[in-house]
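The structure appears right after this line, and notes come after that.
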Amino acid sequence: MKKIKSIEDYHKEYKKSIEQPETFWSEIAENFIWKKKWDSVLKWDFNNYNVNWFLNGKLNITENCLDRHLSSKGNQPAIIWEPNDPKEKALTLTYKELHEKVCSFANVLKNNGCKKGDRICIYMPMVPELAIAVLACARIGAIHSVVFGGFSFNSLADRIHDADCNLVITSDGAYRGAKDIPLKSVVDEALKTCPTVKKVIVLRRTNSKVEMQNGRDVWWNDEIKKVNADCPAETMDAEDMLFILYTSGSTGKPKGVVHTCGGYMVYTGYTFKNVFQYNDGEIYWCTADVGWITGHSYLVYGPLLNGATTLMFEGIPTWPDAGRFWEVIDKHKVNIFYTAPTAIRSLEAMGLDFVKPHKLNSLRVLGTVGEPINAEAWNWYNENIGKNNCPIVDTWWQTETGGIMISPIAGITKTKPGFATLPLPGVQPVLLDESGKELQGNNVDGRLCMKFPWPGIIRTTYKNHERCKEVYFSTFKGYYFTGDGCRRDEDGYYRITGRVDDVIKVSGHLLGTAEIENAINEHADIVESAVVGFPHDIKGWGIYAYVICDRKRDDVEELKKEIIGTVNKFMGPIAKPDKIQIVTGLPKTRSGKIMRRILRKVAEGDVNNLGDTSTLLDPAVVEEIVKGAVK
Ligand code: WTA
């Protein structure tokens, strides 16, 4: 696949992608292996949402990730795995070895009753077997639904339910820093309410004691002995589902974002190569967990589609100390490093002593993803990690977009701290005002929408196409609405300013307020709660919870601890409230809707400007809330 070579080349490609999108994308798609070529490139409708790419094309993404590299790169590392504990040995899987392992595990899945179209839930630590499990599903045409290991049983059960999964792949436990997290027992708890699951495959990782249910639970390590490594790749239609990945919404349960085989492959393959300007032989490291879209697209699929070497890290940036990232970069001679602003800010806060002992001279490109990066963190990253010598790609995209949408091309687009800069070829962003009018020209602020499809766009939300239409295509007729606010500056550069809806980005993790509130309400004494975000120096956004308690509790601190424990138990530690305020009522309109605008202002400490409260059912409650605000 050819790469964009200069800024002139970028503009030329961009122009072509807008004027002749079908020619543009079909030329890129030619770089992949298809079992049968597509009949037409694109069919789309944003009004009654429906999008198809590469119609009637047949393929298997794993042939593109693995088989086709075997002759040229069979002995090149595909995955380098760095364990949680630096004393444990790192592991390398060549393309040949990865191919064998994926095929073998695909046969394990078949032996355990899996077939094309089945939904398989994967709930695992960051070990190579996680990538192997994902690819093995794709090999046989089963649809993977990876759930981040930081979610707890209730969130896991919701996701298993929604997708009607019949098999779960997990491990006994997971190492995260000094902690040993019992994954299997979380699965056991979740499965009490998930009758569709007939089998659980358990990888041994921590050797902790687990209960195995007879007839349902089998060990990965035993099953793998029963199979060989011969597993032909299932033929998939370009529009067959490749995976479901749950993402939080402002209301109700998380949405199962659906991506399909053909478009997702073409889009992640193309964007990986171009944004990072990947050169053959380079070591690339994306620190995201495979439980999130970044891990899917730019740890597993994007790099492997390009025959790259992708590094996978099991641990956390601050253990054994805050120099771990930098140590790993030197140890494995990482050339391209892609991480989250939260991680950068937290490591910046630990001081330069953790950076200084490391050379970092293998680095060529740096990237960020998942949330806006403030100029200060950007500059720190640039100076101390990149040594003013590595272009930074601030990549804006979403679970729903499948791949990077607005980003510099490394070393080619002139960067500006805090700006995702320009749309990639094929991406047509527009800024709309509240009435839905397109804002023309530069120096404008609006809501970020897309007016034309790209191959990686969300196809539907699982089993609920209406919800997909409603959430993404109804706010502004004829546009895909991202939910983000955005500025286009005097140079035509895009800067994402943050969410304009009720989801919160906490440490780069998108969390729905409704899901957190449900977890809080599991506490026996809590009758109602409302959650909003507030700006947080390290996490970007923190979680502020207003709770109504139905009996008098004098031990307020104890109650707060219990609430945190409840959230931990039902949803997981990532959703833990930073601040909790006990209130006797919530500001509601006469129709019963919580006025979150007011709660957000109080959480932000901006109480002088609460706006009109006269439409509230009980305006007095606002005064109480302001008085009791947690600083
Ligand atoms: C935010 C993550 C600013 C944004 C890949 C988006 C960003 C949401 C950036 C999607 C960025 C992502 N600058 N904000 N470079 N990248 N976001 O689905 O609010 O976990 O809508 O996908 O993250 O989060 P998601």
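Just follow the structure's listing: the first ligand is 1, and inside any ligand the first atom is 1.
In terms of heavy-atom proximity, I409 sits nearest to Q277 at CG2-NE2, 3.4 Å.
At a 3.5 angstrom cut-off on N or O pairs, E400 does not count as close to ligand 1. At a 3.5 angstrom cut-off on N or O pairs, T482 does not count as close to ligand 1. Some N or O of Q398 is nearer than 3.5 Å to an N or O of ligand 1, by distance alone. Between I496 and ligand 1, a contact under 3.5 Å exists for no N or O pair.
Distance from atom 18 (O) of ligand 1 to its nearest protein heavy atom, with residue and atom name: T399 OG1, 2.5 Å. Of the protein's heavy atoms, G370 N, 3.1 Å lies nearest to atom 16 (N) of ligand 1. Scanning the protein for heavy atoms near atom 13 (N) of ligand 1, the closest one is E371 O, 3.3 Å. Here the protein heavy atom with the shortest distance to atom 10 (C) of ligand 1 is W397 O, 3.6 Å.
No salt bridge links D162 with K253; every basic N to acidic carboxylate O contact stays at or beyond 4.0 Å.
Note that R159 lies in the cation-pi zone of F151, set by a 6.0 Å cut-off to the ring centre and a 45° limit from the axis.
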In sequence, state the C-alpha distance, the side-chain angles, and the governing distance for F419 and Y494, and then conclude on ring-ring contact (aromatic ring centres under 6.0 Å, His included).
-> CA-CA 6 Å; F419 283 77; Y494 290 82; 9.5 Å; no
Pair R447-D484, salt bridge (charged side-chain N to carboxylate O under 4.0 Å, His left out): steps then yes or no = CA-CA 6 Å; R447 285 150 196 245; D484 280 332; over 6 Å; no
Determine, stepwise, if the pair H296 / H259 fulfils ring-ring contact (aromatic ring centres under 6.0 Å, His included).
-> CA-CA 11 Å; H296 281 63; H259 285 290; 8.8 Å; no
ring-ring contact (aromatic ring centres under 6.0 Å, His included) assessment of F473 paired with Y479 | CA-CA 6 Å; F473 297 93; Y479 298 92; over 10 Å; no
Would R596 and D501 count as a salt bridge (charged side-chain N to carboxylate O under 4.0 Å, His left out) if you check the C-alpha gap in whole Å, the side-chain angles of each, and the deciding distance to 0.1 Å?
-> CA-CA 10 Å; R596 289 171 187 276; D501 54 7; over 6 Å; no
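Listed by number with element, the atoms of ligand 1 under 4.0 angstrom from any heavy atom of T294 are 5 (C). When each atom of ligand 1 is checked for a heavy atom of D484 under 4.0 Å away, the hits are 4 (C), 6 (C), 19 (O), 21 (O). Close approach of ligand 1 to V369 is summarised as follows: ligand atoms under 4.0 Å from at least one heavy atom of the residue are 5 (C). Within the listing of ligand 1, atoms 11 (C), 13 (N), 15 (N) sit less than 4.0 angstrom from a heavy atom of D394. Residue contact check: T395 has heavy atoms under 4.0 Å from atoms 9 (C), 11 (C), 15 (N), 16 (N) of ligand 1.
Judged purely by distance below 3.5 Å, without hydrogens or angles, the side chains of T395 and Y338 pair a donor atom with an acceptor atom.
Comparing M405, H296, K505, H509 against atom 24 (O) of ligand 1, the shortest heavy-atom distance belongs to K505.
With a 6.0 Å radius and a threshold of 12 heavy atoms from other residues, nucleotides or ligands, K414 has its NZ atom at or below the threshold.
Using a 4.0 Å cutoff on heavy atoms, G483 does not count as a contact of ligand 1. Within the 4.0 Å heavy-atom shell around ligand 1 one does not find W292.
W25 and Y270 have their aromatic ring centers within a separation under 6.0 angstrom.
Residue A420 does not touch ligand 1, judged by heavy-atom distances below 4.0 Å.
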